[in-house]
Amino acid sequence: QVQLVESGGGLVQPGGSLVLSCLASESIFSVSAMGWYRQAPGQQPDLVASITGGGTTNYADSVKGRFTISRDGAKNTVYLQMNSLKPEDTAVYYCYYGWKWGQGTQVTVSS
């Protein structure tokens, strides 16, 4: 069973940047896709970004041009670079590895 450890969340002002990391205990090439969901209080999770085993990336329309998903196979790590952050980006961000989710990391965008 894969274990996922997310990090990089925190408090940032609007327009700022954060990078999230997801460290997997297994090869990130062993599943069809990895990526990130986010969940705001009282809402269900929404897909933010994904990357397939072949390297194809996809983004939610709300984050296109601002967020970038990438990976480091040697470190078994997937990243989410978040730029030009907006208050509506505030949520708990969850890494997923196939069907497995991590514990989440809080991102708060506020003045």
Side-chain angles (χ1 to χ4, degrees):
Q1 295 192 9
V2 66
Q3 303 295 315
L4 304 174
V5 179
E6 298 125 314
S7 61
L11 175 64
V12 64
Q13 294 188 5
S17 298
L18 286 173
V19 59
L20 307 182
S21 299
C22 176
L23 174 63
S25 63
E26 303 290 340
S27 172
I28 62 174
F29 303 108
S30 297
V31 294
S32 61
M34 292 187 67
W36 298 88
Y37 284 84
R38 67 186 182 187
Q39 184 176 28
Q43 302 181 21
Q44 66 178 14
D46 292 321
L47 179 64
V48 176
S50 66
I51 184 166
T52 69
T56 301
T57 59
N58 290 281
Y59 300 92
D61 288 342
S62 60
V63 306
K64 285 182 179 177
R66 300 190 297 122
F67 291 11
T68 303
I69 188 169
S70 61
R71 64 187 180 186
D72 185 333
K75 297 181 178 179
N76 285 344
T77 301
V78 172
Y79 304 94
L80 185 67
Q81 177 69 53
M82 305 186 295
N83 299 323
S84 301
L85 284 163
K86 305 174 181 179
E88 52 263 43
D89 295 318
T90 295
V92 178
Y93 284 70
Y94 297 91
C95 175
Y96 75 91
Y97 174 105
W99 51 265
K100 178 72 174 181
W101 288 21
Q103 296 186 61
T105 184
Q106 176 71 46
V107 172
T108 302
V109 185
S110 176
S111 299

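Computation of the quantities below employed the complete heavy-atom set of this structure, encompassing side-chain atoms and omitting hydrogens, waters and symmetry-equivalent molecules.
- Taking CG of Leu18 as the reference point, atom OG1 of Thr105 lies at 8.5 Å (rounded to 0.5 Å).
- Between Gln106 and Ala91, the shortest heavy-atom contact is NE2-O, 3.4 Å.
- The line from CD of Gln1 to CD of Glu26 is 10.0 Å long, rounded to the nearest 0.5 Å.
- Salt bridge status for Asp61 with Lys64: present, with a side-chain N to carboxylate O gap under 4.0 Å.
- Of the residues Leu20, Val63, Val19, the one that meets the side-chain contact (heavy atoms from CB on, under 4.5 Å) test with Met82 is Leu20.
- Val31 and Ile51 end up in the same hydrophobic cluster when Ile, Leu, Val, Met, Phe, Trp and Tyr side chains are linked at under 4.5 Å.
- Between Gly73 and Phe29, the shortest heavy-atom contact is CA-CE1, 3.7 Å.
- For the atom pair Asp46 CG and Gln39 CD, the distance stands at 8.5 Å (nearest 0.5 Å).
- Using a 4.5 Å heavy-atom cutoff, the side chains of Glu6 and Trp36 are in contact.
- At a threshold of 4.5 Å between non-hydrogen side-chain atoms, the residues Ser50 and Tyr96 count as touching.
- Here the side chains of Asp89 and Arg66 are in contact, with some heavy-atom distance below 4.5 Å.
- Side-chain atoms of Thr90 come within 3.5 Å of backbone atoms of Val109 as a donor-acceptor pair (strictly under, hydrogens ignored).
- Under the 4.5 Å side-chain criterion, counting only non-hydrogen atoms from C-beta, Leu4 is not in contact with Tyr94.
- Rounding to the nearest 0.5 angstrom, the gap separating the CD1 atom in Ile28 from the CG atom in Asp72 is 7.0 Å.
- In this structure, Phe67 has no ring pair (Phe, Tyr, Trp, His ring centres under 6.0 Å) partners at least two apart in sequence or on a different chain.
- Residues Tyr59 and Thr68 form a side-chain contact, since some pair of their non-hydrogen atoms from C-beta on lies under 4.5 Å apart.
- Between Ser62 and Arg38, the shortest heavy-atom contact is OG-NH2, 3.5 Å.
- With rounding to the nearest 0.5 angstrom, the OG atom of Ser7 is 9.0 Å from the OH atom of Tyr79.
- For Ser84 against Ser17, the heavy-atom pair with the smallest separation is N-OG, 4.3 Å.
- A continuous path of Ile, Leu, Val, Met, Phe, Trp and Tyr side chains, each step under 4.5 Å between heavy atoms, connects Val92 with Leu47, placing both in one hydrophobic cluster.
- Using a 4.5 Å heavy-atom threshold, the side chains of Leu11 and Ser110 count as touching.
- Side-chain atoms of Tyr97 do not come within 3.5 Å of backbone N or O of Leu23 as any donor-acceptor pair.
- At most 12 heavy atoms of other shown residues, nucleotides or ligands fall within 6.0 angstrom of atom CD in Gln44.
- Atom CE of Met34 and atom CD1 of Ile69 lie 8.0 Å apart (nearest 0.5 Å).
- Contact between Gln81 and Asn83 at its shortest, heavy atoms only, is NE2-OD1, 3.0 Å.
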